[in-house]
J.: 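Next up is a structure, given as structure tokens.
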Amino acid sequence: MAALLGSAVTAAPVQVGTFPAKIVPEQVATLPLERGIVSDLATPGEPRKRGDVLAVLNKEQMAQEREEMELKLARDRMSRKDEIRKLEAQRRKIVFYLGLSNSERRYARATGSENDLPPSEETLADIDERITLLKREVESMARIRNNELTRKHARNTLRMPFDGRVQYHFTLPENTAEPFEYNATGSLPFATICDDSAFYITLNISRAELTQLPEQQFQVLISLPEGRELRGEFSHRRVEQGNGGDLLVYFFRIPEKDHERAFSMLGSNARATLIFNAPDGTMELDKGELARHPAAADCRNWEELIQKLYPEYHLILISERQILIRPR
């Protein structure tokens, strides 16, 4: 009976079923941007390197702010230099006084104001500390304000987080070389960056019997117009968060020759055929022939029918048209 219903196959591809699929890049990032005047816009779709500038927000305004900061720092630096010069003049007088003899000191105090306290080593140390503090203030102000402006400039400058391509989420102006006004709308990101070093076809596979099969035996196929197709070989799988809870997602790597086509399909909904390459010794049975077998009338499911007809085999896969079994 087995010879009539089934035949042994060697790595035969079996179509398991058709599943909703997505095309995804190696990694993806979304970049927000506030409203303002945008310049230095990168050309979308062209390959970019990590760190490349994608857009600059309010570039002219930031240049003005930096110029104003430098002018203010220059004024503050001059003001503190004047204070330092006055303190250094006082220091020279104190050093001169401390170098006098006792009689010369009495004469110097007699010619000075009655309210003046006699200079001392402590007074000299205080002046030295004040001079050091003023010099540090000059350096600190420049560093702090420069850092603040640098951080602001970094926030307003979008850069590639990794090698890949950029896609903008707004209508580009006719002349992207000229600054233009960008009005952010809702939660829509300014741009999406995709790492185009690899692309995958992803399938959410929830059927328990499929998750138990050898992963490397799977591949997927997306049929395209004009007889074209997009294939993917199993790469890896991982659990991801979905609206309904955890999802087991299988990733199938697309060959490099199809990367351009895969890039053009990002964001689209597709249907992919999951294919299982049966290992050697697998028996392939036609579901139609099995259903017409007299024994099928007394069986509640495929498992019972296989156990009755092929007791020395166990069922490994129920596809759309075939059932695969292997020796126990």
Side-chain angles (χ1 to χ4, degrees), residues 29-44 48-98 112-113 115-117 119-162 166 168-170 172-173 175-191 193:
T30 55
L31 304 179
L33 193 67
E34 298 177 356
R35 295 185 178 186
I37 304 300
V38 173
S39 61
D40 297 59
L41 198 67
T43 303
R48 297 283 170 179
K49 294 294 184 181
R50 178 180 178 180
D52 284 356
V53 174
L54 301 177
V56 178
L57 182 67
N58 299 328
K59 183 177 182 178
E60 183 176 346
Q61 177 182 334
M62 286 193 296
Q64 293 175 353
E65 290 179 3
R66 179 168 292 279
E67 184 176 355
E68 291 173 0
M69 179 201 72
E70 291 174 351
L71 290 173
K72 189 175 188 309
L73 283 175
R75 288 193 294 267
D76 291 341
R77 192 179 294 111
M78 290 301 299
S79 175
R80 278 161 175 75
K81 282 184 177 180
D82 288 341
E83 293 183 53
I84 291 173
R85 279 193 288 269
K86 292 177 182 177
L87 289 171
E88 287 176 340
Q90 293 180 26
R91 187 182 190 283
R92 288 192 294 272
K93 291 180 180 179
I94 293 173
V95 170
F96 174 78
Y97 175 83
L98 296 177
S113 173
N115 297 325
D116 288 344
L117 294 175
S120 63
E121 294 291 343
E122 183 178 357
T123 307
L124 184 63
D126 289 343
I127 288 180
D128 286 341
E129 184 177 354
R130 179 60 178 160
I131 290 174
T132 300
L133 181 61
L134 285 171
K135 289 180 177 179
R136 289 179 60 187
E137 284 180 352
V138 172
E139 297 174 358
S140 177
M141 279 191 308
R143 183 173 61 255
I144 291 173
R145 292 178 181 174
N146 185 68
N147 288 344
E148 289 176 353
L149 205 58
T150 299
R151 286 194 295 269
K152 183 176 181 180
H153 182 80
R155 289 195 302 269
N156 287 2
T157 303
L158 294 189
R159 297 181 180 274
M160 289 288 291
F162 40 75
V166 57
Y168 295 106
H169 292 264
F170 59 93
L172 296 176
N175 186 4
T176 56
E178 294 293 329
F180 64 94
E181 186 173 358
Y182 171 69
N183 294 314
T185 55
S187 59
L188 192 67
F190 179 81
I193 313 303

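Since the model is a prediction, treat every value here as computed from it, not as a measurement.
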J.: Can you tell me if N58 uses its side chain to pair, donor with acceptor, with the backbone of I37 under 3.5 Å?
T.: yes

J.: For the pair D52 and R159, find out whether any cationic side-chain nitrogen is under 4.0 Å from an anionic carboxylate oxygen.
T.: no

J.: Decide, yes or no, whether a salt bridge links R35 with E181 under the criterion of side-chain N to carboxylate O below 4.0 Å.
T.: no

J.: Less than 4.5 Å apart, side chain to side chain, heavy atoms only: is that true for E178 and N175?
T.: yes

J.: Do R80 and E137 come close enough that some side-chain heavy atom pair is under 4.5 Å?
T.: yes

J.: Could you give the distance from CG (L33) to CG (L188), rounded to the nearest 0.5 Å?
T.: 12.0 Å

J.: Do I127 and K93 have side-chain heavy atoms sitting under 4.5 Å apart?
T.: no

J.: Will you find, in the side chains of Q61 and E65, an N or O donor that is under 3.5 Å from an N or O acceptor?
T.: yes

J.: Do M62 and L57 come within less than 4.5 Å of each other through their side chains, counting heavy atoms only?
T.: no

J.: Take K72 and D76 through the side chain to side chain contact (heavy atoms under 4.5 Å, CB included) test and state the conclusion after the steps.
T.: CA-CA 6 Å; K72 189 175 188 309; D76 291 341; 3.2 Å; yes

J.: Verify, without hydrogens or angle tests, whether S140 (side chain) and R136 (backbone) share a donor-acceptor contact under 3.5 angstrom.
T.: no

J.: List the atom of F180, the atom of P173, and the distance in Å for their closest heavy-atom pair.
T.: CD2-CG, 3.6 Å

J.: Mind checking whether L124 and V95 have side chains closer than 4.5 Å, heavy atoms only?
T.: yes

J.: Return the orientation label for the F190 and Y182 ring planes: parallel under 30°, perpendicular over 60°, tilted otherwise.
T.: perpendicular

J.: So, R155 and E34, do they make that salt bridge, N to O below 4.0 Å?
T.: no

J.: When you compare the side chain of Y168 with that of L41, does any pair of heavy atoms fall below 4.5 Å?
T.: yes

J.: Quick check for you: to the nearest 0.5 Å, what is the distance between E68 atom CD and L73 atom CG?
T.: 12.0 Å

J.: With a 4.5 Å heavy-atom cut-off, do L31 and P189 have their side chains touching?
T.: no

J.: If you draw a 6.0 Å radius around CZ in F96, do more than 12 non-hydrogen atoms from other residues or ligands fall strictly inside?
T.: no

J.: Taking 4.0 angstrom as the limit, do D82 and R77 come out as a salt bridge?
T.: no

J.: Let me confirm one number: the CZ-CG distance from R66 to N146, rounded to the nearest 0.5 Å.
T.: 5.0 Å

J.: Quick one: CG on L87 to CZ on R92, what's the gap to the nearest 0.5 Å?
T.: 11.0 Å

J.: Using 0.5 Å steps for rounding, measure from the CZ atom of R85 to the CD atom of E83.
T.: 10.5 Å

J.: Any side-chain heavy atom of V38 within less than 4.5 Å of one from P179?
T.: no

J.: Any donor and acceptor pair, going by atom type alone, linking the side chain of T157 with main-chain N or O of H153 inside 3.5 Å?
T.: yes

J.: Supply the atom-to-atom distance L158 CG to D40 CG, rounded to the nearest 0.5 angstrom.
T.: 11.0 Å

J.: Under the salt bridge (charged side-chain N to carboxylate O under 4.0 Å, His left out) criterion, do D126 and R91 qualify, and how do the steps go?
T.: CA-CA 10 Å; D126 289 343; R91 187 182 190 283; over 6 Å; no

